[in-house]
Novice: 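Sharing a structure here in C-alpha coordinates format.
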Amino acid sequence: MESPTHPQRPSCSLTGGYSLNSVASDDELRPQATRSRWRWALLAGCVAVVIAGAAVGTAVAFSHSPSTHTAAPPVGSGYLATTRDGYVFIQWQVTGDAVTGTAHEVRVTGTPPNSSTTTSTLTVSGKIQGSSISLSFNGGARHFGTFSGSSFTIDVPVPSGRLAALTFRQSTAAHYNQVLSALQAKLANINAQATARLTRSNDEAAINDAATAVRHDLQVLTSDEATITSAMSPMTNDLAKEHSDLLVVQSLAATAQHHPTNTSCQPATTAERSATTVEDDANAIGTVSDAVSSAISTVRGDITTLRADFAKLQTAEAVMPTFGTDLPTQAEVTAAVNNAQQLIAAAISHTNSVIGQANAYDDTAWHSANTALEAQGCGGAPTPAQITTIT
(Lines give C-alpha, C1' and ligand atoms only; values in the text may rest on other atoms or scores of the structure.)
Protein backbone atom coordinates (compact mmCIF):
# COMPACT_ATOMS: atom_id res chain seq x y z
CA MET A 1 0.00 0.00 0.00
CA GLU A 2 1.27 3.43 -0.83
CA SER A 3 1.12 6.10 1.83
CA PRO A 4 -0.25 9.46 0.73
CA THR A 5 2.15 12.33 0.59
CA HIS A 6 -0.30 14.71 2.19
CA PRO A 7 -2.61 14.57 5.26
CA GLN A 8 -5.87 12.84 4.62
CA ARG A 9 -8.96 11.69 6.45
CA PRO A 10 -11.33 9.11 5.01
CA SER A 11 -15.10 9.31 5.08
CA CYS A 12 -16.86 5.98 4.72
CA SER A 13 -20.16 5.14 3.07
CA LEU A 14 -22.23 2.04 3.62
CA THR A 15 -24.06 -0.28 1.32
CA GLY A 16 -27.39 -1.98 1.93
CA GLY A 17 -28.96 1.14 3.43
CA TYR A 18 -26.77 1.09 6.56
CA SER A 19 -24.70 3.96 7.84
CA LEU A 20 -21.60 4.05 10.02
CA ASN A 21 -23.62 4.52 13.16
CA SER A 22 -21.48 2.85 15.76
CA VAL A 23 -19.30 5.82 16.52
CA ALA A 24 -20.69 8.78 18.37
CA SER A 25 -17.68 10.12 20.22
CA ASP A 26 -14.18 9.18 21.31
CA ASP A 27 -15.68 7.53 24.36
CA GLU A 28 -18.10 5.60 22.20
CA LEU A 29 -15.21 4.19 20.20
CA ARG A 30 -14.38 2.04 23.18
CA PRO A 31 -15.67 -1.56 22.75
CA GLN A 32 -18.83 -2.19 24.73
CA ALA A 33 -21.24 -5.08 24.61
CA THR A 34 -24.33 -3.12 25.50
CA ARG A 35 -24.03 -0.38 22.92
CA SER A 36 -25.60 -0.70 19.50
CA ARG A 37 -23.24 -1.72 16.74
CA TRP A 38 -22.39 0.52 13.83
CA ARG A 39 -22.18 -1.21 10.60
CA TRP A 40 -20.12 -0.38 7.60
CA ALA A 41 -22.28 -1.01 4.64
CA LEU A 42 -19.88 -3.60 3.54
CA LEU A 43 -21.12 -7.09 3.04
CA ALA A 44 -24.52 -6.06 4.42
CA GLY A 45 -22.35 -5.05 7.06
CA CYS A 46 -21.40 -3.43 10.16
CA VAL A 47 -18.15 -3.06 11.92
CA ALA A 48 -19.56 -4.23 15.20
CA VAL A 49 -17.84 -5.89 18.07
CA VAL A 50 -18.98 -6.30 21.56
CA ILE A 51 -15.76 -5.80 23.52
CA ALA A 52 -16.69 -5.29 27.13
CA GLY A 53 -16.78 -7.16 30.36
CA ALA A 54 -20.38 -7.98 29.44
CA ALA A 55 -19.75 -9.00 25.86
CA VAL A 56 -17.93 -12.22 25.32
CA GLY A 57 -17.82 -15.29 23.15
CA THR A 58 -16.99 -18.89 23.78
CA ALA A 59 -16.86 -19.88 20.21
CA VAL A 60 -14.35 -17.70 18.41
CA ALA A 61 -14.96 -17.79 14.70
CA PHE A 62 -12.02 -17.10 12.44
CA SER A 63 -11.73 -17.37 8.73
CA HIS A 64 -8.28 -18.85 9.27
CA SER A 65 -6.68 -20.23 12.40
CA PRO A 66 -3.08 -19.03 12.85
CA SER A 67 -2.17 -22.33 14.46
CA THR A 68 -3.28 -24.44 11.51
CA HIS A 69 -0.78 -23.26 8.94
CA THR A 70 2.72 -21.90 8.66
CA ALA A 71 2.10 -19.08 6.20
CA ALA A 72 4.51 -16.18 6.11
CA PRO A 73 3.64 -13.20 8.32
CA PRO A 74 1.50 -10.44 6.78
CA VAL A 75 3.19 -7.55 5.02
CA GLY A 76 2.33 -3.95 4.32
CA SER A 77 0.94 -1.05 6.26
CA GLY A 78 -2.46 0.57 6.48
CA TYR A 79 -4.77 2.37 8.85
CA LEU A 80 -6.47 0.87 11.92
CA ALA A 81 -9.61 2.18 13.66
CA THR A 82 -11.10 1.02 16.92
CA THR A 83 -14.87 1.01 16.99
CA ARG A 84 -17.03 0.52 20.02
CA ASP A 85 -17.55 -3.04 18.76
CA GLY A 86 -14.27 -4.01 17.21
CA TYR A 87 -11.70 -2.98 14.63
CA VAL A 88 -11.38 -1.96 10.98
CA PHE A 89 -8.07 -2.18 9.11
CA ILE A 90 -7.76 -0.42 5.72
CA GLN A 91 -5.05 -0.96 3.10
CA TRP A 92 -5.08 0.99 -0.17
CA GLN A 93 -3.16 2.26 -3.16
CA VAL A 94 -3.06 5.89 -4.23
CA THR A 95 -3.10 6.84 -7.92
CA GLY A 96 -3.17 10.60 -8.30
CA ASP A 97 -5.96 11.66 -5.97
CA ALA A 98 -7.79 8.31 -6.20
CA VAL A 99 -7.50 5.54 -3.63
CA THR A 100 -8.59 1.91 -3.99
CA GLY A 101 -8.15 -0.92 -1.53
CA THR A 102 -9.77 -3.18 1.05
CA ALA A 103 -11.02 -2.91 4.61
CA HIS A 104 -10.90 -5.83 7.02
CA GLU A 105 -13.37 -5.72 9.87
CA VAL A 106 -13.65 -7.85 12.97
CA ARG A 107 -16.56 -7.79 15.36
CA VAL A 108 -17.94 -9.75 18.27
CA THR A 109 -21.35 -11.37 18.06
CA GLY A 110 -23.42 -13.08 20.75
CA THR A 111 -23.35 -12.65 24.48
CA PRO A 112 -21.34 -14.33 27.21
CA PRO A 113 -20.59 -17.14 27.48
CA ASN A 114 -21.37 -17.70 23.81
CA SER A 115 -19.79 -14.72 22.05
CA SER A 116 -17.54 -15.13 19.03
CA THR A 117 -15.57 -12.99 16.61
CA THR A 118 -16.50 -12.72 12.95
CA THR A 119 -14.46 -11.13 10.17
CA SER A 120 -15.26 -9.77 6.71
CA THR A 121 -13.46 -7.96 3.90
CA LEU A 122 -14.85 -4.86 2.14
CA THR A 123 -13.79 -2.91 -0.91
CA VAL A 124 -12.64 0.69 -0.42
CA SER A 125 -12.62 3.50 -2.97
CA GLY A 126 -12.36 7.26 -2.67
CA LYS A 127 -10.35 10.43 -3.19
CA ILE A 128 -7.72 12.39 -1.29
CA GLN A 129 -7.54 16.09 -2.13
CA GLY A 130 -5.20 18.05 0.11
CA SER A 131 -6.25 17.37 3.67
CA SER A 132 -9.72 16.24 2.61
CA ILE A 133 -10.72 12.66 2.01
CA SER A 134 -13.84 10.83 0.92
CA LEU A 135 -14.29 7.07 1.12
CA SER A 136 -16.89 4.57 0.01
CA PHE A 137 -17.17 0.99 1.25
CA ASN A 138 -18.48 -1.72 -1.04
CA GLY A 139 -19.65 1.00 -3.40
CA GLY A 140 -21.95 2.61 -0.86
CA ALA A 141 -22.47 6.26 0.03
CA ARG A 142 -19.39 8.40 0.59
CA HIS A 143 -18.15 9.43 3.99
CA PHE A 144 -16.09 12.58 4.33
CA GLY A 145 -13.26 13.59 6.60
CA THR A 146 -9.74 14.97 6.86
CA PHE A 147 -6.15 13.78 7.00
CA SER A 148 -3.83 14.91 9.77
CA GLY A 149 -0.27 13.60 9.81
CA SER A 150 -0.32 9.78 10.00
CA SER A 151 -4.04 9.49 10.69
CA PHE A 152 -7.35 10.45 9.19
CA THR A 153 -10.82 10.88 10.60
CA ILE A 154 -14.17 10.41 8.89
CA ASP A 155 -17.67 11.26 10.00
CA VAL A 156 -20.07 8.37 10.47
CA PRO A 157 -23.70 8.42 11.60
CA VAL A 158 -24.73 7.01 14.98
CA PRO A 159 -28.14 5.52 15.90
CA SER A 160 -29.43 8.93 16.96
CA GLY A 161 -28.78 10.21 13.44
CA ARG A 162 -25.96 12.51 14.48
CA LEU A 163 -22.48 12.27 13.00
CA ALA A 164 -19.50 11.11 15.01
CA ALA A 165 -15.81 11.04 14.22
CA LEU A 166 -14.02 7.74 13.59
CA THR A 167 -10.23 7.98 13.52
CA PHE A 168 -7.90 5.64 11.59
CA ARG A 169 -4.25 5.64 12.63
CA GLN A 170 -1.32 4.37 10.65
CA SER A 171 -0.60 0.75 11.50
CA THR A 172 0.68 -2.49 9.99
CA ALA A 173 -0.94 -5.76 8.99
CA ALA A 174 1.12 -7.53 11.63
CA HIS A 175 -0.20 -5.16 14.30
CA TYR A 176 -3.76 -5.77 13.10
CA ASN A 177 -3.19 -9.51 13.61
CA GLN A 178 -1.87 -8.85 17.09
CA VAL A 179 -4.92 -6.76 17.93
CA LEU A 180 -7.19 -9.51 16.63
CA SER A 181 -5.39 -12.16 18.67
CA ALA A 182 -5.64 -10.02 21.80
CA LEU A 183 -9.37 -9.56 21.22
CA GLN A 184 -9.87 -13.30 20.82
CA ALA A 185 -7.88 -14.00 23.97
CA LYS A 186 -9.94 -11.44 25.87
CA LEU A 187 -13.16 -13.02 24.64
CA ALA A 188 -11.98 -16.47 25.66
CA ASN A 189 -11.21 -15.19 29.15
CA ILE A 190 -14.53 -13.37 29.48
CA ASN A 191 -16.36 -16.44 28.21
CA ALA A 192 -14.61 -18.62 30.76
CA GLN A 193 -15.51 -16.21 33.56
CA ALA A 194 -19.12 -16.05 32.40
CA THR A 195 -19.28 -19.84 32.25
CA ALA A 196 -17.88 -20.07 35.77
CA ARG A 197 -20.42 -17.52 37.04
CA LEU A 198 -23.25 -19.35 35.30
CA THR A 199 -22.12 -22.69 36.69
CA ARG A 200 -21.87 -21.29 40.20
CA SER A 201 -25.26 -19.65 39.87
CA ASN A 202 -26.81 -22.92 38.73
CA ASP A 203 -25.13 -24.83 41.56
CA GLU A 204 -26.36 -22.33 44.14
CA ALA A 205 -29.87 -22.46 42.70
CA ALA A 206 -29.83 -26.26 42.88
CA ILE A 207 -28.91 -26.14 46.58
CA ASN A 208 -31.52 -23.49 47.38
CA ASP A 209 -34.26 -25.27 45.44
CA ALA A 210 -33.50 -28.62 47.07
CA ALA A 211 -33.34 -27.05 50.55
CA THR A 212 -36.70 -25.35 49.97
CA ALA A 213 -38.22 -28.67 48.91
CA VAL A 214 -36.87 -30.46 51.99
CA ARG A 215 -38.14 -27.77 54.35
CA HIS A 216 -41.56 -28.07 52.74
CA ASP A 217 -41.47 -31.87 53.07
CA LEU A 218 -40.64 -31.56 56.77
CA GLN A 219 -43.62 -29.27 57.28
CA VAL A 220 -45.87 -31.69 55.41
CA LEU A 221 -44.80 -34.60 57.63
CA THR A 222 -45.58 -32.48 60.69
CA SER A 223 -49.09 -31.78 59.39
CA ASP A 224 -49.61 -35.48 58.53
CA GLU A 225 -50.14 -36.26 62.23
CA ALA A 226 -53.23 -34.06 62.24
CA THR A 227 -54.42 -35.69 59.01
CA ILE A 228 -54.26 -39.21 60.43
CA THR A 229 -55.76 -38.14 63.75
CA SER A 230 -58.66 -36.52 61.92
CA ALA A 231 -59.22 -39.64 59.81
CA MET A 232 -59.33 -41.85 62.93
CA SER A 233 -61.52 -39.59 65.06
CA PRO A 234 -64.97 -41.04 64.08
CA MET A 235 -63.98 -44.54 65.21
CA THR A 236 -64.59 -44.02 68.90
CA ASN A 237 -68.18 -42.84 68.47
CA ASP A 238 -68.93 -45.43 65.78
CA LEU A 239 -67.71 -48.26 67.98
CA ALA A 240 -69.68 -46.95 70.94
CA LYS A 241 -72.84 -46.81 68.83
CA GLU A 242 -72.24 -50.35 67.57
CA HIS A 243 -71.92 -51.59 71.14
CA SER A 244 -75.11 -49.81 72.13
CA ASP A 245 -77.01 -51.35 69.21
CA LEU A 246 -75.55 -54.76 70.12
CA LEU A 247 -77.07 -54.47 73.57
CA VAL A 248 -80.48 -53.95 71.94
CA VAL A 249 -80.04 -57.11 69.89
CA GLN A 250 -79.00 -59.09 72.94
CA SER A 251 -82.00 -57.83 74.90
CA LEU A 252 -84.41 -58.78 72.11
CA ALA A 253 -82.75 -62.17 71.73
CA ALA A 254 -83.13 -62.85 75.45
CA THR A 255 -86.83 -61.99 75.27
CA ALA A 256 -87.31 -64.33 72.28
CA GLN A 257 -85.68 -67.18 74.17
CA HIS A 258 -88.09 -66.68 77.07
CA HIS A 259 -91.09 -66.80 74.72
CA PRO A 260 -90.23 -69.56 72.26
CA THR A 261 -93.89 -70.22 71.31
CA ASN A 262 -94.54 -66.70 69.97
CA THR A 263 -96.11 -67.47 66.60
CA SER A 264 -95.46 -63.97 65.22
CA CYS A 265 -91.69 -64.48 65.55
CA GLN A 266 -91.53 -61.41 67.72
CA PRO A 267 -89.18 -60.25 69.16
CA ALA A 268 -86.79 -62.52 67.18
CA THR A 269 -87.33 -60.69 63.89
CA THR A 270 -86.85 -57.40 65.68
CA ALA A 271 -83.55 -58.71 67.00
CA GLU A 272 -82.59 -59.61 63.42
CA ARG A 273 -83.34 -56.08 62.22
CA SER A 274 -81.31 -54.67 65.10
CA ALA A 275 -78.42 -56.94 64.14
CA THR A 276 -78.53 -55.30 60.70
CA THR A 277 -78.12 -51.96 62.45
CA VAL A 278 -75.07 -53.31 64.27
CA GLU A 279 -73.62 -54.42 60.93
CA ASP A 280 -74.24 -50.96 59.52
CA ASP A 281 -72.27 -49.58 62.45
CA ALA A 282 -69.43 -51.98 61.65
CA ASN A 283 -69.50 -50.94 58.00
CA ALA A 284 -69.22 -47.30 59.06
CA ILE A 285 -66.10 -48.22 60.98
CA GLY A 286 -64.85 -49.97 57.81
CA THR A 287 -65.33 -46.73 55.89
CA VAL A 288 -63.35 -44.86 58.53
CA SER A 289 -60.59 -47.46 58.34
CA ASP A 290 -60.41 -46.91 54.58
CA ALA A 291 -59.87 -43.18 55.21
CA VAL A 292 -57.16 -43.98 57.75
CA SER A 293 -55.48 -46.33 55.28
CA SER A 294 -55.54 -43.59 52.63
CA ALA A 295 -54.02 -41.09 55.08
CA ILE A 296 -51.29 -43.59 55.96
CA SER A 297 -50.55 -44.08 52.25
CA THR A 298 -50.19 -40.30 51.91
CA VAL A 299 -47.75 -40.17 54.82
CA ARG A 300 -45.68 -42.96 53.30
CA GLY A 301 -45.57 -41.04 50.04
CA ASP A 302 -44.49 -37.92 51.92
CA ILE A 303 -41.65 -39.89 53.54
CA THR A 304 -40.50 -41.08 50.11
CA THR A 305 -40.62 -37.53 48.77
CA LEU A 306 -38.63 -36.20 51.72
CA ARG A 307 -35.94 -38.81 51.27
CA ALA A 308 -35.69 -38.13 47.53
CA ASP A 309 -35.51 -34.35 47.99
CA PHE A 310 -32.90 -34.68 50.72
CA ALA A 311 -30.82 -36.91 48.44
CA LYS A 312 -30.95 -34.14 45.83
CA LEU A 313 -29.84 -31.63 48.45
CA GLN A 314 -26.89 -33.81 49.44
CA THR A 315 -25.87 -34.15 45.79
CA ALA A 316 -26.10 -30.39 45.26
CA GLU A 317 -24.16 -29.69 48.47
CA ALA A 318 -21.40 -32.05 47.38
CA VAL A 319 -20.72 -29.76 44.40
CA MET A 320 -20.48 -26.65 46.61
CA PRO A 321 -19.89 -27.87 50.17
CA THR A 322 -19.13 -24.38 51.49
CA PHE A 323 -22.31 -22.76 50.20
CA GLY A 324 -25.44 -22.19 52.22
CA THR A 325 -26.31 -21.87 55.90
CA ASP A 326 -29.17 -23.27 57.98
CA LEU A 327 -29.73 -26.04 55.47
CA PRO A 328 -31.82 -29.06 56.53
CA THR A 329 -29.66 -31.73 58.16
CA GLN A 330 -29.61 -35.50 58.12
CA ALA A 331 -30.59 -35.48 61.78
CA GLU A 332 -33.73 -33.43 61.07
CA VAL A 333 -34.75 -35.69 58.22
CA THR A 334 -34.13 -38.88 60.23
CA ALA A 335 -36.16 -37.56 63.17
CA ALA A 336 -39.06 -36.55 60.93
CA VAL A 337 -39.10 -39.92 59.19
CA ASN A 338 -38.95 -41.82 62.49
CA ASN A 339 -41.82 -39.76 63.92
CA ALA A 340 -43.90 -40.36 60.79
CA GLN A 341 -43.23 -44.10 60.87
CA GLN A 342 -44.18 -44.26 64.56
CA LEU A 343 -47.35 -42.35 63.72
CA ILE A 344 -48.17 -44.87 60.99
CA ALA A 345 -47.53 -47.83 63.29
CA ALA A 346 -49.74 -46.36 66.02
CA ALA A 347 -52.53 -45.60 63.56
CA ILE A 348 -52.45 -49.13 62.13
CA SER A 349 -52.45 -50.69 65.60
CA HIS A 350 -55.34 -48.60 66.89
CA THR A 351 -57.42 -48.94 63.72
CA ASN A 352 -57.01 -52.71 63.57
CA SER A 353 -57.89 -52.93 67.24
CA VAL A 354 -61.14 -51.06 66.58
CA ILE A 355 -61.81 -53.22 63.52
CA GLY A 356 -61.33 -56.35 65.59
CA GLN A 357 -63.79 -55.12 68.21
CA ALA A 358 -66.28 -54.04 65.54
CA ASN A 359 -66.13 -57.47 63.90
CA ALA A 360 -66.62 -59.10 67.30
CA TYR A 361 -69.68 -56.93 68.05
CA ASP A 362 -71.09 -57.78 64.62
CA ASP A 363 -70.55 -61.49 65.16
CA THR A 364 -72.16 -61.34 68.57
CA ALA A 365 -75.15 -59.41 67.23
CA TRP A 366 -75.84 -61.93 64.48
CA HIS A 367 -75.26 -64.86 66.80
CA SER A 368 -77.80 -63.43 69.23
CA ALA A 369 -80.29 -62.77 66.43
CA ASN A 370 -79.82 -66.28 65.08
CA THR A 371 -80.35 -67.78 68.53
CA ALA A 372 -83.61 -65.81 68.87
CA LEU A 373 -84.88 -66.88 65.46
CA GLU A 374 -84.11 -70.54 66.13
CA ALA A 375 -85.75 -70.37 69.55
CA GLN A 376 -89.00 -69.22 67.95
CA GLY A 377 -88.64 -71.46 64.92
CA CYS A 378 -88.35 -68.55 62.56
CA GLY A 379 -85.30 -69.62 60.55
CA GLY A 380 -81.77 -68.36 60.98
CA ALA A 381 -79.68 -65.23 60.43
CA PRO A 382 -76.99 -64.87 57.71
CA THR A 383 -73.28 -65.00 58.42
CA PRO A 384 -71.97 -61.41 58.86
CA ALA A 385 -69.25 -59.91 56.65
CA GLN A 386 -65.98 -58.98 58.26
CA ILE A 387 -64.09 -55.68 58.02
CA THR A 388 -60.60 -56.15 56.61
CA THR A 389 -57.72 -54.92 58.70
CA ILE A 390 -55.28 -52.35 57.30
CA THR A 391 -51.55 -52.65 56.79
Side-chain angles (χ1 to χ4, degrees), residues 1-4 8-16 18-23 29-31 37-51 55 57 59-69 71-94 99-110 115-126 128 133-143 145 147 150-154 156 166-187:
M1 158 184 170
E2 299 179 9
S3 298
Q8 6 183 3
R9 309 184 74 148
S11 67
C12 303
S13 60
L14 303 173
T15 62
Y18 290 97
S19 61
L20 294 176
N21 58 5
S22 67
V23 181
L29 293 177
R30 299 180 185 133
R37 299 175 180 141
W38 62 273
R39 307 194 172 206
W40 300 78
L42 325 166
L43 290 178
C46 307
V47 181
V49 183
V50 185
I51 310 175
V60 181
F62 313 103
S63 57
H64 295 86
S65 172
S67 61
T68 60
H69 60 79
V75 297
S77 61
Y79 293 87
L80 180 65
T82 301
T83 71
R84 80 185 64 181
D85 306 298
Y87 302 98
V88 180
F89 181 62
I90 294 177
Q91 290 180 299
W92 61 35
Q93 291 181 336
V94 180
V99 296
T100 57
T102 57
H104 304 283
E105 68 161 336
V106 59
R107 66 190 184 96
V108 173
T109 59
S115 295
S116 61
T117 59
T118 60
T119 59
S120 58
T121 301
L122 319 167
T123 62
V124 178
S125 61
I128 300 173
I133 184 171
S134 64
L135 292 179
S136 175
F137 296 86
N138 277 0
R142 288 184 177 274
H143 299 270
F147 250 107
S150 60
S151 65
F152 63 85
T153 301
I154 57 174
V156 294
L166 177 63
T167 298
F168 288 79
R169 293 179 173 82
Q170 199 166 40
S171 184
T172 64
H175 178 64
Y176 168 71
N177 281 354
Q178 292 173 356
V179 168
L180 177 59
S181 295
L183 170 61
Q184 293 163 350
K186 182 175 183 178
L187 287 177

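Predicted model, so just to flag it, every value in this text is computed and none were measured.
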Novice: Go through the structure and list residues passing side-chain contact (heavy atoms from CB on, under 4.5 Å) with A185, not counting sequence neighbours.
Specialist: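 Residues passing side-chain contact (heavy atoms from CB on, under 4.5 Å) with A185: none at all.
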Novice: For G78 versus Q91, what's the shortest heavy-atom pair and its separation?
Specialist: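 For G78 and Q91, the tightest heavy-atom pair comes out as CA-CG, 4.2 Å.
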Novice: Do the rings of Y79 and W92 sit parallel, tilted or perpendicular, given the 30° and 60° boundaries?
Specialist: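 Tilted.
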Novice: With rounding to the nearest 0.5 angstrom, report the CD to OG1 distance, Q178 to T172.
Specialist: 7.0 Å
Novice: Kindly give the heavy-atom pair with the smallest separation between R142 and G126, and that separation in Å.
Specialist: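 Closest pair (atom of R142, atom of G126, distance): NH1-CA, 3.5 Å.
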Novice: Test V124 against F137 for side chain to side chain contact (heavy atoms under 4.5 Å, CB included), laying out the working first.
Specialist: CA-CA 5 Å; V124 178; F137 296 86; 3.7 Å; yes
Novice: Out of curiosity, I90 CD1 to S77 OG, how far, rounded to the nearest 0.5 Å?
Specialist: 12.5 Å
Novice: So which heavy atom on P74 is nearest to which on N177, and how close?
Specialist: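 Result for this residue pair: CG-ND2, 3.1 Å.
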Novice: In the structure I gave you, are the side-chain heavy atoms of S171 and Y176 within less than 4.5 Å of one another anywhere?
Specialist: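 Side chain of S171 against side chain of Y176, heavy atoms only: no contact under 4.5 Å found.
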Novice: Any side-chain heavy-atom pair from L80 and F168 closer than 4.5 angstrom?
Specialist: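 The answer is no, as the side chains (C-beta and beyond) never meet within the 4.5 Å cut-off.
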Novice: Could you tell me if the side chain of T82 sits less than 4.5 Å from the side chain of V179, heavy atoms only?
Specialist: no
Novice: Roughly how far, to the nearest 0.5 Å, is the OG1 atom of T119 from the OH atom of Y87?
Specialist: 15.0 Å
Novice: Can you name the residues that form a side-chain contact (heavy atoms from CB on, under 4.5 Å) with T102, not counting sequence neighbours?
Specialist: H104, T121
